[in-house]
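Below: one structure, written as structure tokens.
Note that these values count all heavy atoms, side chains included, but never hydrogens, waters or copies made by symmetry.
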Amino acid sequence: MDIPIQAFHLVIAVGACANSGGPYLDRPEQHGGAASTVPVDLFIPGCPPHPLTILDGLLRLLGRIGEGGERKALVFAR
């Protein structure tokens with residue numbers, strides 16, 4: 001069964017391991033973080049990230065999409 005994929009999607013990397021590989025950077029399974037595999041729209045730092053950090057990052061991303069901004073990674077730092 002083929003499921004159609006919509007054209008617009010967002011990629012959010014949450015946590016140190018997803019952002020840069022974290023302590024597992026040299027492991028082949030990490031591939032150097034999510035950005036080396038797919039284009040990432042939002043990077044949220046932390047290990048583990050605080051829930052308010054995640055919420056603030058999502059709100060900033062939604063605000064940028066609402067303004068019709070171009071697709072450029074949003075790096076959020078506490």
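Side-chain contact check for Cys47 versus Pro23: every heavy-atom pair is 4.5 Å or farther apart.
By the side-chain contact (heavy atoms from CB on, under 4.5 Å) test, Ile12 is found to be paired with Val14, Leu42, Ile44, Leu58, Leu61, residues two or more places apart in sequence or in another chain being considered. Residues passing the side-chain contact (heavy atoms from CB on, under 4.5 Å) test with Ala34, sequence neighbours excluded: Ala13, Val40.
Between the CG atom of Asp56 and the NE2 atom of His50 there is a distance of 12.0 Å, given to the nearest 0.5 Å. Between the CG atom of Leu59 and the CG atom of Leu52 there is a distance of 10.5 Å, given to the nearest 0.5 Å.
A donor-acceptor pair under 3.5 Å is formed between the side chain of Asn19 and the backbone N or O of Gly15.
Closest heavy-atom contact between Pro45 and Thr53: O-CG2, 4.4 Å.
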